[in-house]
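Computed over heavy atoms, backbone and side chain alike; hydrogens, waters and symmetry mates excluded. Reminder, nothing fancy here: chain letters follow the sequence lines and each chain counts from 1.
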Amino acid sequence: MKFQKPRGTHDILPQEAVVWRWVEQTAREVCDRFRYREIRTPIFESTGLFERGVGETTDIVEKEMYTFADKSERSLTLRPEGTAGVVRAYVENKLYAEPDVQKLFYIGPMFRNERPMAGRNRQFHQFGVEALNSSDPAIDAEVIALGFSIYEALGLRNVRVEINSVGTPECRSAYRQALRDFFAPKLALMCPDCQSRFDRNAMRLLDCKVDTQACEGAPSILEFLDEAANEHFQNVQAHLKALDIPFVVNPSLVRGLDYYTHTAFEYMAEGIGAITTIGGGGRFNGLVEAVGGPEQSGVGLGLGLERAILIAQAQQLELPKETALDVFVAGLGEAAELVTFEWVHKLRKAGIRAERDYQSRKFKTLFKAAERQNARWMAILGDDELAQQVVTLKYLSTGEQQTVPWTEWISTIQSK
RNA sequence: GCGGUCGUGGCGAAGUGGCUAACGCAUCGGUCUGUGGCUCCGACAUUCGCGGGUUCAAUUCCCGUCGAUCGCCCCA
């Protein structure tokens, strides 16, 4: 019986795992400087959390969740995004009672049952942050700057930041009405997708690629922001400008999760086929309360890790490689086997990366093996060496070779 | 969820309704009983994603299925 990995999942092999560690470590380091602390929450949660938190009418909840019943018939769901779980933990552990703004980050797998394509998997990985209990526009800008800083630290070029304000729920419902009024007369001429969007999610009409000309002259959400929302948005922009974060305002930027209010933003880059969004986020002022906590606000972001890696590859950045081997110990003959084994262990205990052969290959082939592992030294233990308690050490890049007593073995390797 | 393309050894890649399924790289062995990145020789797919059908005969044709990939939708 031969098995395949489930559709839309990926094995991360040792060579690629190095790249993943680099991305994760970079994100962690940036978080440390920005003072965001790691939180680890379960990979599955009560289904209701996502229905409530992400929004009943979102695509994610309507058709993309991995939902299952456990043996007690509890409905559980593999997390499709990170914010709901973090906010649930925030409320459940009463972190809202802490005096300072809670700045949290997470990193890990998410699950959505979608049609896979480049940059879109059913199990994918996100890094994200959430800043809870502050409505200060400065923290919106800080979050946007944090994500941008991670892309910078990774060396990604041409990352664009687009921002928008989706206002308060009240602003939005007034705006949706205005949009329907605007599109109603031309609806019959528009594409089927748009016709279904009209009722379900009028703001998405602006996103349509088919009927771009129909959108000309459509009202902008920005005209419907109340004074406070507008001031907040202007303030976020002022803070971004102060940091020289390049951004453009895109009034038709909408995000797919219901909990967003005020600031919405996306990071975009070219290089993954049709996909350009590599990260995004926004403010979610009603979410803490919706999940059973006090009336507190929050703002956060999520970055797609495989998308960041795809962009790095598309831009041909120099990616980290696996560590090189310090010394390959070649034992010749049966008498050397045990001594080889012992010495490999001694070298390792001394902090040296040491390896040997376990396939009884011939001496010459061991050089190839050593080369494949990028070994710096080859150590040779044959009958002669054993008799005299010495080892022949060959520096592979130059071919220089010397024979030293066992007492000098480790120090010679460490010398270069 | 809808539409297009694709699926041959570890990797890359020919090919055909029918004798032993090219070739390249990689790997292992010999050439060279203890010194690599060269040469030459040899080994390496009871089998062409899986299941079914057509046929005297299918890896090659048809259907289904699984998977990959591209686009739409949506998103990270």
Side-chain angles (χ1 to χ4, degrees), chain A residues 1-10 13 54 57-64 79-83 107-128 147 151 191-194 196-197 200-201 204 207-210 253-257 265-269 272-281 300-311 328 330-333 335-336 357 359-375 377-386 392-401 403:
Chain A
M1 190 60 198
K2 197 176 173 186
F3 294 101
Q4 293 179 302
K5 60 183 175 290
R7 181 160 208 212
T9 64
H10 231 69
L13 303 177
V54 178
T57 65
T58 58
D59 276 11
I60 292 179
V61 170
E62 280 187 341
K63 49 193 190 195
E64 296 173 1
R79 63 182 185 196
E81 56 90 56
T83 301
I107 193 160
M110 307 292 164
F111 306 84
R112 292 183 201 172
N113 196 334
E114 290 187 276
R115 183 80 174 259
M117 52 185 274
R120 192 165 77 190
N121 303 304
R122 291 183 172 185
Q123 175 175 335
F124 61 103
H125 298 78
Q126 270 190 337
F127 158 84
Y151 291 128
C191 70
D193 281 335
C194 284
S196 78
R197 285 187 191 118
R200 300 186 56 243
N201 196 345
R204 282 251 163 246
D207 251 3
C208 184
K209 277 91 184 168
V210 185
L253 172 67
V254 210
R255 310 222 70 238
L257 291 69
F265 60 92
E266 289 190 0
Y267 303 97
M268 331 251 278
I272 323 180
I275 290 174
T276 52
T277 300
I278 57 177
L301 63 72
L303 312 185
L305 265 34
E306 25 284 271
R307 288 188 183 180
I309 290 172
L310 285 168
I311 296 293
F328 194 104
L332 305 173
D357 169 65
Q359 295 172 118
S360 312
R361 290 123 111 201
K362 60 170 188 167
F363 184 53
K364 224 171 157 174
T365 305
L366 300 187
F367 276 90
K368 288 191 174 182
E371 211 175 299
R372 245 178 268 132
Q373 298 183 52
N374 263 311
W377 293 89
M378 183 69 136
I380 300 156
L381 282 176
D383 293 340
D384 299 345
E385 284 88 353
L386 286 189
T392 298
L393 296 176
K394 179 166 183 173
Y395 197 67
L396 291 169
S397 60
T398 61
E400 284 176 72
Q401 186 165 309
T403 298

In whole Å, what is the span from the [atom1] atom of [X] to the [atom2] atom of [N]?
X	N	atom1	atom2	result
A/Arg122	B/G1	CZ	P	7 Å
A/Gln401	B/G34	CD	P	15 Å
A/Lys362	B/C28	NZ	P	9 Å

With a 4.0 Å cutoff (strictly under), does any side-chain N or O of [X] reach OP1 or OP2 of [N]?
X	N	result
A/Arg361	B/C28	yes
A/Lys368	B/U35	no
A/Thr365	B/G29	yes
A/Arg7	B/A68	yes

Suppose you measure atom [atom1] in [N] against the same atom in [M]; what distance do you get, rounded to whole Å?
N	M	atom1	value
B/G18	B/U59	C1'	12 Å
B/U8	B/A14	C1'	10 Å
B/A22	B/U16	P	14 Å
B/U39	B/G64	P	50 Å
B/U55	B/A26	P	47 Å
B/G1	B/C11	C1'	35 Å

When both hydrogen-bonding distances must be under 3.5 Å and the geometry is Watson-Crick or G-U wobble, what is [N] paired with, if anything?
N	result
B/A58	none
B/G12	B/C23
B/A68	B/U5
B/U35	none
B/G51	B/C63

Of all the nucleotides listed ([options]), which has the minimum atom distance to the side chain of [X]?
X	options	value
A/Thr392	B/C74, B/C66, B/G34	B/G34
A/Leu396	B/G36, B/C74, B/A76	B/G36
A/Asp59	B/A76, B/G3, B/C74	B/C74

Look at all strands and tell whether A/Gly399 reaches a base, only sugar-phosphate, or nothing, counting heavy atoms closer than 4.0 Å.
->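 Base contact - A/Gly399 has a heavy atom under 4.0 Å of at least one base atom.
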At under 4.0 Å between heavy atoms, what does A/Glu371 touch on the DNA or RNA strands: base, sugar-phosphate, or nothing?
-> base
Spell out yes or no: do the side chain of [X] and the base of [N] have one donor N/O and one acceptor N/O closer than 3.5 Å?
X	N	value
A/Arg112	B/A76	yes
A/Lys364	B/U35	no
A/Glu114	B/A76	yes
A/Arg120	B/C74	yes
A/Arg372	B/G36	no

Using atom types as modelled and distance alone, determine if a side-chain donor or acceptor of A/Arg120 lies under 3.5 Å from a backbone N or O of A/Arg115.
-> yes
May A/Phe367 be described as stacking on the base of B/G37, applying a 5.5 Å centroid limit and a 30° limit on plane angle?
-> no
